[in-house]
Amino acid sequence: SRIAAATGLPVYVLTGSKQQAKRWTQDLEDCGCTNVDVRYGLSGKDKWQFISSRSAALLTSKVESFGMAAAETIPFCPTFIVHTSEYDWTKNLDELNCSELINRFVIDTSSKKQESVVVDAILAATKSKYISKSRRSELVEFWSNLSGSQWFNFMNTVSVEDDSKPFKTELGTRLES
């Protein structure tokens, strides 16, 4: 939230549940963000429109199983990933044929100086042209073939009821403690 706020850009968040959306909204407001749009539960065309209309993506997940959120944003906007050295989940993205498009930052103990490096990189990227339409199509096609189109089919048909409870896994519970 501090990095997003420091950019001074409008902040758009896509998350999985109503509870997570409330938490993001509060965190962003606490950091001084005034232009915030937090959404949850988007799928299919609505999700792709939301993602593809952004000027940059910032992912700060402590752990990602396969890096799907990054894979979804890379064809559409500069993608910045902040992770710890303990959980470098970005290695999963190396198979996506687009390492040059992933901006990775390892931050184990956050500081204003480290955060400002990420902020400066995001601001520079939003002022320059991203990738061509043909490169975007190439990435989407490559990734689609790599995943056997299963993820795209899933994204277009999935509908998950929100019970306002956070999705918990054993690993998630351990990481929170």
Side-chain angles (χ1 to χ4, degrees), residues 1-16 20-21 23-40 42-62 64 66-85 87-144 146 151-152 155:
S1 295
R2 289 188 312 269
I3 292 171
T7 67
L9 298 170
V11 178
Y12 301 89
V13 176
L14 178 57
T15 191
Q20 290 170 330
R23 188 172 29 197
W24 269 107
T25 300
Q26 188 62 56
D27 286 350
L28 289 164
E29 287 174 0
D30 290 348
C31 288
C33 289
T34 56
N35 192 351
V36 175
D37 182 2
V38 180
R39 310 240 187 124
Y40 66 94
L42 293 183
S43 62
K45 186 178 180 182
D46 293 336
K47 183 175 186 175
W48 295 118
Q49 286 177 337
F50 186 84
I51 292 170
S52 66
S53 61
R54 304 299 155 226
S55 56
L58 173 62
L59 297 117
T60 58
S61 302
K62 194 171 196 174
E64 285 279 342
F66 302 103
M68 295 309 229
E72 291 169 344
T73 62
I74 290 167
F76 299 105
C77 59
T79 300
F80 298 84
I81 300 171
V82 176
H83 64 88
T84 65
S85 56
Y87 298 107
D88 183 3
W89 56 265
T90 66
K91 294 174 188 174
N92 297 324
L93 301 172
D94 292 338
E95 297 176 21
L96 297 178
N97 196 29
C98 59
S99 291
E100 78 282 4
L101 300 174
I102 304 168
N103 302 279
R104 304 172 202 218
F105 298 88
V106 178
I107 298 179
D108 290 316
T109 304
S110 189
S111 70
K112 293 274 187 195
K113 183 178 179 180
Q114 289 176 311
E115 290 173 9
S116 70
V117 170
V118 180
V119 168
D120 291 346
I122 291 170
L123 291 174
T126 61
K127 294 175 184 167
S128 61
K129 185 173 176 7
Y130 188 48
I131 59 176
S132 66
K133 185 176 181 180
S134 61
R135 177 67 170 130
R136 178 177 296 114
S137 296
E138 176 188 318
L139 286 173
V140 171
E141 182 179 350
F142 176 84
W143 191 70
S144 176
L146 186 67
W151 183 253
F152 287 110
M155 291 305 299

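One is the number of the first residue; the rest follow in order along the sequence. All figures in this text were calculated on a predicted structure; none of them were measured in a lab.
Within the 4.5 Å cutoff, the side chain of Val118 has heavy atoms near those of the Val82 side chain. The shortest distance between side-chain heavy atoms of Glu72 and Lys47 falls below 4.5 Å. Residues Thr84 and Val106 are not in side-chain contact: their nearest non-hydrogen atoms beyond the backbone lie 4.5 Å or more apart. Put simply, the side chain of Ile3 reaches to within 4.5 Å of the side chain of Ile122, judged on heavy atoms. Between Ile74 and Ile102, the closest side-chain pair of non-hydrogen atoms falls below 4.5 Å. Tyr12 places none of its side-chain heavy atoms less than 4.5 Å from the side chain of Val36. The shortest side-chain heavy-atom distance between Ser61 and Tyr87 does not fall under the 4.5 Å cut-off. Looking only at side-chain heavy atoms (C-beta outward), Phe76 and Tyr130 stay at 4.5 Å or farther from each other.
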- Query: Can you list the steps and then say if Asp37 with Phe50 is a side chain to side chain contact (heavy atoms under 4.5 Å, CB included)?
  - Reply: CA-CA 11 Å; Asp37 182 2; Phe50 186 84; 4.2 Å; yes
- Please test Arg54 against Thr73 for side-chain hydrogen bond (donor to acceptor under 3.5 Å, both in side chains), starting from the C-alpha separation and ending with a verdict. CA-CA 9 Å; Arg54 304 299 155 226; Thr73 62; over 6 Å; no
- For side chain to side chain contact (heavy atoms under 4.5 Å, CB included), just list the numbers for Trp24 and Val11, CA-CA rounded to whole Å, side-chain angles, deciding distance to a tenth of an Å, and then say yes or no. CA-CA 11 Å; Trp24 269 107; Val11 178; over 6 Å; no
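Of the inter-residue distances, the one linking Thr60 atom OG1 with His83 atom NE2 reads 12.0 Å to the nearest 0.5 angstrom. In this structure, CD1 in Ile81 is found 12.5 Å from CD1 in Ile107, a value given to the nearest 0.5 Å. Summarising the geometry, atom CG belonging to Leu101 is positioned 6.0 Å from atom CG belonging to Leu139; distances are rounded to the nearest 0.5 Å. Atom CZ of Phe80 and atom CG of Leu59 lie 11.0 Å apart (nearest 0.5 Å). Rounding to the nearest 0.5 Å gives a distance of 11.5 Å between CD of Gln20 and OG1 of Thr25. To the nearest 0.5 Å, the span separating CD on Glu100 from CD1 on Ile131 amounts to 8.5 Å.
A 6.0 Å sphere centred on CZ of Arg136 holds more than 12 heavy atoms belonging to other residues, nucleotides or ligands.
A salt bridge links Glu138 to Arg135: at least one charged side-chain nitrogen sits closer than 4.0 Å to a carboxylate oxygen.
Closest of all the heavy-atom pairs between Cys77 and Ala56 is SG-C, 3.7 Å. Shown here for Ala21 and Tyr40, the closest heavy-atom pair between the two residues is CB-CD2, 3.7 Å. Of all heavy-atom pairs between Ser116 and Lys113, the closest is OG-O, 2.7 Å. Listed here is the closest heavy atom pair of Ser1 and Asp27: OG-CB, 3.3 Å.
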